[in-house]
Engineer: 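Have a look at the structure that comes next, please.
The shown structure was predicted, so the numbers you read here are calculated from the model rather than taken from an experiment. We count ligands from 1, going down the list as the structure has it; atoms in each ligand are counted the same way. Positions are given from 1 along the sequence.
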Amino acid sequence: MDIDLTYIDDINIKNKRVFIRADFNVPLDDKGNITDDTRIRGVLPTINYALDEGAKVILASHLGRPKGKRAPDMSLAPVAKRLGRLLQKDVIIAPDCVGEDVEKIVNAMKPGDVILLENLRFHSEEEKNDDEFGKKMASLADVYINDAFATAHRAHSSNVAITRHINGECGAGFLMKNELSYFKRAMDNPSRPLIAIIGGKKVSDKIGVLLSLCEKVDKLIIGGGMSLTFLKARGYKVGKSFAEDTVLDKALEIINRAREKDIKLYMPVDFVVADKFDPSAETKVVTFQEIPKDWMALDIGPATVTYFSEAIQNAKTIIWNGPMGVFEMDAFSRGTSAMVSNVANCYALSIVGGGDTDVAVHRAGEFAKMSYISTGGGAFLELLEGKNLPGITALMHCRKAD
Ligand code: AMP
C-alpha cells in the first residue's frame, strides 16, 4: 500500500474544533477500573500537540461491543477520568457522540478544552459506516484526525463516512504516523536480512499474510499451533495437536512458494507435548517426528528455540506476529518467552504486532527492547498482507492540507 498522508502537524488547527478518532478500547475489570491504559497513553502525543496548538479537542472512540445499544458498563467515563489525570486537566465526557446536547457542549468549547464523546458503538450506525451518522459527527468539527490505527482495517462511520463530510482538512495523528513509518521501514526497502516470525493458532487466519511475506522476506520462521498444520501437510503425524485439515493444501502452497522464492523456511524441530490441554498436564519434549498418538504439541521445544535463535542472529529487520505456543499457560510459555528474549537482544529493527504477541512481550518484560510494538492486531496483519486499510484510504481521498 503506497501511503501518502497529511498529518496533524501539516494542518493549521489553531482555534479549530479538532475531532480525533482514537482507540480507547481499554480492558476494564468487573468494577469498571481500567487495567491497562497503554492505548490511552498512545494517543497522548496527538492530544497534547493539539492542545499546545490551541485547538478545541473532541475525542471519539469505541469501547467493547455494545452492539448498537447504550450499555453503562461500556461507557467511556472511566477513560475520561484517566485521560484527565494523564493530561492534568478536565476532560468532559459527553452524554452521547451525536445530537443536540453534544452540539451544545461543543459550541461552548474554548481553545484548550477537551471533551470525550460517549462510546461510538452505542449507535449501530457506527459499524455500518452509515453516511448520515458520519455527517452528524462531521458537523461537530472543523478538522478530522484519525489516530486509531487498531481500527483502520474496519470501514466504520467514525473513520470513513465522517471523512466525506468534514468541512475542513483531514489527517492522521502521531500514533498512526509511527505505526506506518515503522511498518514502511520494515517492509518497503528494509535492511536485510528481513526475517518474519509467524506463530499463533491458525494457518487459515494468516494464509494471505504468509503468501505475501514470501514476496518480501529472506527467512520465514513458523512456530505456534500453525506449525502443526504445516507438519501434517508434509505427512507427519501430529497426535491430538490442533491442526487444520481444511488448509493442508494451502500450507503446501506456502511451502512451495517459499521454495520457489528461495526463502529459507524454518519449522520447529521439537515440541513440548502434553497429555491434555491443561496447565497441570503431564509434559515431555519430543522431536517433530515423534509426537505420540494421544498427546498434543503445545509449545516449541528447546532445540527449536536454539534453531530459531540462530536463524535470527544476523537479522537486520525482524517482524513478528503470533506466539510460539499456548503461552497463556506457564507450562507452555517457555518457547515464546525465549523467543521474546532472543528478538529483544538482536541488533535488528524489531517490530512486533498482533494482540497476543504484544501480551507475550509485555509478560516477558522485554517491551522496552523491541523497536516497536504495534497497537494493531487485525490492522497490522492486513498491512502485512498488503491490503488497503479503509481508514487510511479514506484519509488519502480526503482534503489535503494546502
Ligand atoms: P493467533 O490469534 O492466531 O495469533 O493465536 C494465538 C493463540 O494461539 C494463543 O491463544 C495461543 O494459546 C494459541 N496457540 C499457540 N500455539 C498453540 C498450539 N501449539 N496449540 C494450540 N494453540 C496454540
Engineer: Name the closest protein heavy atom to atom 21 (C) of ligand 1, giving the residue it belongs to and the distance to 0.1 Å.
Structural biologist: Val326 CG2, 3.7 Å
Engineer: Show which atoms of ligand 1 fall inside a sub-4.0 Å distance from at least one heavy-atom site of Gly200.
Structural biologist: 1 (P), 3 (O), 4 (O), 5 (O), 6 (C), 8 (O)
Engineer: Run the numbers for me: atoms of ligand 1, each under 4.0 Å from some heavy atom of Gly224, listed by number.
Structural biologist: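 By the 4.0 Å cutoff, the relevant atoms are 16 (N).
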Engineer: Do other residues, nucleotides or ligands put more than 12 heavy atoms under 6.0 Å from Gln289 CD?
Structural biologist: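 Yes - once you tally the heavy atoms of other residues, nucleotides and ligands closer than 6.0 Å, there are more than 12.
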Engineer: Looking only at the aromatic ring of each residue, does the gap between the centers of Phe288 and Tyr236 stay below 6.0 angstrom?
Structural biologist: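 Yes; Phe288 has its ring centre under 6.0 Å from that of Tyr236.
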Engineer: Side chain, backbone, both or neither: which part of Met226 comes within less than 4.0 Å of ligand 1 when only heavy atoms are counted?
Structural biologist: neither
Engineer: Between the side chains of Glu126 and Arg21, is the shortest nitrogen-to-carboxylate-oxygen separation below 4.0 Å, so that they form an ion pair?
Structural biologist: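 Here Arg21 pairs with Glu126 in a salt bridge, since their nearest N and O are under 4.0 Å apart.
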Engineer: Looking only at distance, does Asn321 have an N or O less than 3.5 Å from an N or O of ligand 1?
Structural biologist: no
Engineer: When you measure from the heavy atoms of Lys206 to every atom of ligand 1, does any distance fall below 4.0 Å?
Structural biologist: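 The answer is yes: ligand 1 sits under 4.0 Å from a heavy atom of Lys206.
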Engineer: Taking the six-membered ring for Trp, is the centroid-to-centroid distance between Tyr266 and Tyr307 below 6.0 Å?
Structural biologist: yes
Engineer: Got the closest protein heavy atom to atom 2 (O) of ligand 1, with its distance?
Structural biologist: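 Going atom by atom, the protein heavy atom closest to atom 2 (O) of ligand 1 ends up being Asp356 OD2, 3.7 Å.
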Engineer: Will you find, in the side chains of Asp270 and Thr304, an N or O donor that is under 3.5 Å from an N or O acceptor?
Structural biologist: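 The answer is yes; a qualifying pair exists.
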Engineer: Any idea which atoms of ligand 1 are less than 4.0 Å away from a heavy-atom of Ala297?
Structural biologist: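 What qualifies from ligand 1 is 18 (C), 19 (N), 20 (N).
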Engineer: Note the single closest protein heavy atom to atom 18 (C) of ligand 1, along with its residue, its atom name and the distance in Å.
Structural biologist: Gly225 CA, 3.4 Å
Engineer: Does a sphere of radius 6.0 Å around NZ in Lys264 hold more than 12 heavy atoms from other residues, nucleotides or ligands, not counting ones at 6.0 Å or beyond?
Structural biologist: no
Engineer: Compute the shortest N/O to N/O distance between Lys201 and ligand 1 and return yes if it is under 3.5 Å, no if not.
Structural biologist: yes
Engineer: What protein heavy atom sits nearest atom 12 (O) of ligand 1, and how far away is it?
Structural biologist: Glu328 OE1, 2.7 Å
Engineer: Checking Lys250 now: which residues fulfil salt bridge (charged side-chain N to carboxylate O under 4.0 Å, His left out) with it, not counting sequence neighbours?
Structural biologist: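 Glu253.
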Engineer: Without hydrogens or angle criteria, can the side chains of Glu169 and Tyr144 be said to hold a donor-acceptor pair below 3.5 Å?
Structural biologist: no
